[in-house]
Amino acid sequence: MPLNYLELQPQLRDYAQKSAAAREKTTAQREQLLAWLNECAGEPRETLRQSCRAFADERCALPAGEVVNRFFSSSGSGECLLLAADGSQIVPSAHDAVPLALINTSLVMLDTASGQAPVIRTESAILEDFPAGVEFELLSEDLISLKRDVAELDILVSCQASHDLPVIALRDGPLELYHEPRQGRQFQPEFERYIAAMQLLAQKDFSLAGYIDRSQSTTITQMLYIFKTGQPLPKEQKALPDVSLMEALLPPGGRSAVFEMQSTSSKHYGETLRVHFFYLNVGRPEKAYIVRVEIPAWVAGNPEKIERLQIALLEQCRVMGSRPYPYLLHRAHEEAVVHYDEKEQLQRALLQELQNKGMDAFLPSNKLAAKMLQSRTRM
Amino acid sequence: MEKIIVGRLLRSNTRACVVGCPPAQQFPAFGSLVSIPLSETEVVYGLIGDIHIDDDGLVRQLATAPSVDEAVIQDNRLNRNVPVEMTVLFVGSKTENRISHLLPARPPLSLDCMYLCSTQELCEFTAGSRFGYLRHILDAQDVPAADLLAAHLAQAGAAQRAQGNSAWFGQAAARIITQLRDDYPRLMPILETLADVENA
Amino acid sequence: MTEKSSIRKLIGSVTGGGLKENLQVRLSVPPQQVQEGSFIVIDSQEWFFYGIATDLQLQAVDPRYALEPSRQRLPENLAGLLDQQTLYTNLVVLPALMLEQEPADPEAQMAWHKAIEAGDKEKPNPLPVKSIPVHHADAFLASAGDVAEIFGKPEEEGNFVIGFTREQDHPVCVNLDKLIQRSSGIFGATGSGKSFLTRMLLAGLIDRNRASVLVYDMHNEYGLDDTASDTGQNVRGLRSGFGAARVQVVGVGAGAAIRGSVPDFNLVLGYRDLLPEDIELLTLELNLKETTPTVLDALKQSFGSDHWFKAFKEMRRGAVIENEDGKKVPAPDSVAYWANQCGVNQMAAEGLHDKLRRLFNRPYILENPPADSIQAVMDALKKGKHIVLSFGDFESDLDYLLISNLLTRRIREEWEKITNEFRSGKGQEPRPLVIVVEEAHKLLNRDMASQTTFSTIAREMRKYYVTLLVIDQRPSQIYDEVMSQLGTRVCGWLGDEDDIHAALSGLAGRDALRGMLSRLQPKEEVLLLGWGVPMPILVRSRRYDEQFWKDVKSNRKVGLDQEQVIKKLYPD
């Protein structure tokens, strides 16, 4: 049935009205937070870090050394080997005839000064772990996502840089695996593999970075609350996202100071791998667009690497014109993404293989079958 | 000399087929004569009647950027899975070395290879003042018939001239006039297009 | 047999038409290469069709091709190709004859000839067209051989080259023997070259000498040398050309001189030569009343055929005497007296006497002429001489009508007589005679035709070896019945619609020929029509000049050097 528009109409008006009010509130909030940030900049770094560390379970930014209310521009361009990795997955569904889990990972490699087309590699793997039988053992979506994250780092690690060029390795999304701790037989080994991959990247001296396009993170806001009130913001109170604050601070192309990420999982990363981040305005003068960039400690500690990363990201975003986003990441996504018809085709092939093995009578659920009924046709 | 594959068949019917090739490849020019072997002894001939390069959201977005890096251009041409599609209008076939200007008995199949015809083949196909195949061009729907004729006549005319038959172009033009003289509104624009070939 | 098609000039192919609406030939050559009146040959499988081009029409596959010049939109070569296929000229051909072809296959050809030689098969002759050629049959401009095949070879006896085909100069012959078998006509408006044409044709007839020719030369043009009115050059007369032994000039009236020259002898009429019917023929000229025949009949009854004229002439008009009572009464030698005596209306008799006074005073009518000059003329004609009767100073219609009628009446009587004698086995075969009548409409118009001897000759005298050659500028004035009897018609330019209509009366395809007549080039071109020619044809008439006379004298037939003509036309 279609939507009940009569009922929705007043709700839409109400929604818009509330949004306008919220925006006013946000502006006021931002002004205040900016003032606090300026105030905070005058404080010694260690004082601030200690204040925050007092609340070690809070997700919070820690000043890493740079002046927190400043922005940093980059100039010039440097040749580098830019890697972008992305992955996609097929999550098994109980309704499918044969539930299938798959991870597809792609790597796009570009020598930024060569003028040559990037080199692309794709790796596809069916996840098979079904002691109870193929049609009943379903891998959880979280686990598959985790496996995909690991695979993305693995494919970056597998890259053999043939040049002497500095290497920047980009992936889409945060470097920190998950906000809340995960436990379980299957999660721990994957996490360990993830950390191992990061360590390999550190050894290879690849400048790893996670690009987060529309971050809702409130870590700096939290830091300012702790600094100003001595307490983190109560859970029930909504904090202003960091990107909103940065919109007022960063000019186009400018980045924020680098902060260290404090979270419950920080301790698992160790000194070298600890996650840092900064914000970057990839927009235009008339339209700021703030993204969050997460980097491991080995990159955060090297200003040259940070500047090179900043230049590369800005350049990549420029390619995409009016909707800035790193071109290479988009290409990695394009190469990795598994479309519905491809999934269908894969499932048919699998079904065929199963039938070849004498395994018959795999049918989709009745619910799915009903959904797939042909729509009305015309004579 | 080994023939180079210029594309592979995507879809076909009795009258035409669509062939895809990577954009980076030097694909045949509009109006070129191409051949698609069906078997050891049977070849279908066609003319490139349309060359289609699809866009997608990314290309559209890239086009809005103030400048596009060469690497990005190359990436879109070499890596992105968007083939150049060529509509090939069937104009005849060759069976046991005998050329016919009738439509092929059966169309080629998916992923059959398409080759660009050599000057020698072009002359062979268009030889002998036989212009029956021109009707396939004139009857074709959804292709710019006038320009296709012009492009083909320019190429075949040059090939024939190189082999000493400088009257070929005029003979072909005369045949087109014969076929279309009862259709003034169609014929005149075609002749004007041919005039551009002459003047070129 | 006809020449092979290869030496003809291909001009197109048949695309349509029929016997009624003529044939349509789509030209493959520029229209200027074919002209109205051209002699066209169509090669259609086993038959040749011969016809005459009567019209040329510009056509287009689509009118838009014609409306917009292609060269404005296209380069020269493409425009040429386009025009070649979309614009064309339709030649309208009036089909006239068809002739069976000999087979192309050598064996069949041999068998064909053998069959003809053995008499198993008739030798093919041109037949009046009864069918039509097939679609796309090739059409050619006739070659010299075609013209000869149809109109006769110039070198053959009896054939006289009257002119040449318009485009290619092939000689066209008229068969003189056929020409004299029936009456003929030469028509053309003033200045169309009629006199030259007549001179030439007469020269041909005299040279051929198969018939005697009597020319009523009203304007003294034919016998002696003349000066051309347009060029001022000397034009040779027939007597100058052939000499007095063959052609004699007869002058009207005793002591008559023709352009200052003395004629061979003079024609003088005696009173007794004039018969009442001769007078009746002058009804219009003398404005005679309806009572005239009655009066003339009474005169004949009173005085006899030989003396009526003298008697009537000597009667006095209005003479009276007093009678015993002192009353004035008609004198005995008066017209009135005679009328009263014979019971004729006095006024009618006196009226006729008044009107005949013009005749009574003609100097060439004598009571007792020194010789019977009419008989002399007839004798000369019978002996094979040719007579040009020059009217000298007597150029009035009255003189012309009277003398020509009278003489012709006598000739008719004489030729009927000798023919009948010949047919009854008592005499020699009469020599054919052609009487040439100028200003024919004066003698053969609707009012007079029924009475004059001329119409009788035109209708019946063929049987008696006498035919007419009628020369006129107003054929419309000539009685239809006479016109329909004219076998051969040679037409120069005619402007008047009625004249054109009359000249073409009784002929097939006259609608197609009509326009052609009005577009003939004066003094240059004539159209040959009628029974005497196998089919209508337009010819550029032969020049009547010194060369003509040289050819005639040397007996050289024009057209013998046709090989040269062919060489000139087809240098390759």
Side-chain angles (χ1 to χ4, degrees), chain B residues 31 126 128-135 137-139 144-200, chain C residues 6 9-17 21 23-34 55-92 133-140 572:
Chain B
T126 57
S129 302
R130 290 170 61 228
F131 297 103
Y133 70 96
L134 292 178
R135 69 176 178 274
I137 307 173
L138 294 171
D139 294 345
D147 282 86
L148 177 56
L149 270 175
H152 167 64
L153 261 59
Q155 292 171 31
Q160 291 282 359
R161 202 161 36 249
Q163 296 212 342
N165 184 4
S166 49
W168 187 90
F169 186 91
Q171 289 167 349
R175 179 57 180 262
I176 291 164
I177 294 168
T178 307
Q179 281 190 238
L180 288 184
R181 64 189 170 200
D182 292 328
D183 193 349
Y184 179 88
R186 249 187 104 197
L187 175 59
M188 288 311 283
I190 287 177
L191 290 181
E192 282 172 329
T193 317
L194 295 186
D196 289 343
V197 173
E198 286 262 276
N199 296 333
Chain C
S6 57
K9 182 177 169 61
L10 180 68
I11 55 165
S13 59
V14 174
T15 56
E21 70 265 34
L23 298 173
Q24 303 283 328
V25 171
R26 183 168 169 164
L27 287 188
S28 56
V29 295
Q32 294 81 9
Q33 291 189 19
V34 185
D55 197 7
L56 287 150
Q57 297 159 344
L58 293 177
Q59 303 277 5
V61 169
D62 184 307
R64 284 173 286 190
Y65 292 114
L67 291 174
E68 188 182 25
S70 53
R71 278 161 181 78
Q72 281 179 8
R73 285 176 72 171
L74 300 170
E76 188 65 29
N77 57 342
L78 277 179
L81 288 170
L82 179 67
D83 290 353
Q84 219 172 18
Q85 293 201 38
T86 55
L87 304 179
Y88 58 95
T89 308
N90 243 2
L91 179 71
V92 181
V134 295
H135 271 105
H136 304 147
D138 287 335
F140 303 86
D572 299 332

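In what follows, chains carry the letters A, B, and so on, assigned in the order in which the sequence lines appear, proteins first and then strands, with residues in each chain numbered from 1. From a predicted model like this one, the values you see are computed outputs, not experimental measurements.
Atom CZ of B:R161 is surrounded by 12 or fewer heavy atoms from other residues, nucleotides or ligands within 6.0 Å.
In this structure, no portion of C:Q84 lies under 4.5 Å from any heavy atom of chain B. Contact of B:L187 with chain C is made through the side chain alone, with heavy-atom distances under 4.5 Å.
Top candidate by heavy-atom pairs under 4.5 Å with chain B, chosen from C:L82, C:T86, C:D62, is C:L82. Put simply, of B:D182, B:T178, B:D183, the one with the most heavy-atom pairs under 4.5 Å next to chain C is B:T178.
Evaluation of the side-chain hydrogen bond (donor to acceptor under 3.5 Å, both in side chains) rule for B:E192 yields C:R73 as partners, not counting sequence neighbours.
The line from CG of C:L78 to CD1 of B:I190 is 12.0 Å long, rounded to the nearest 0.5 Å. The distance from the CE atom of B:M188 to the CD atom of C:E68 is 5.5 Å, given to the nearest 0.5 Å.
Taking each heavy atom of B:G170 and C:L81 in turn, the nearest pair found is O-CD1, 3.5 Å. Across all their heavy atoms, C:V61 and B:R181 have their closest contact at CG1-O, 3.6 Å.
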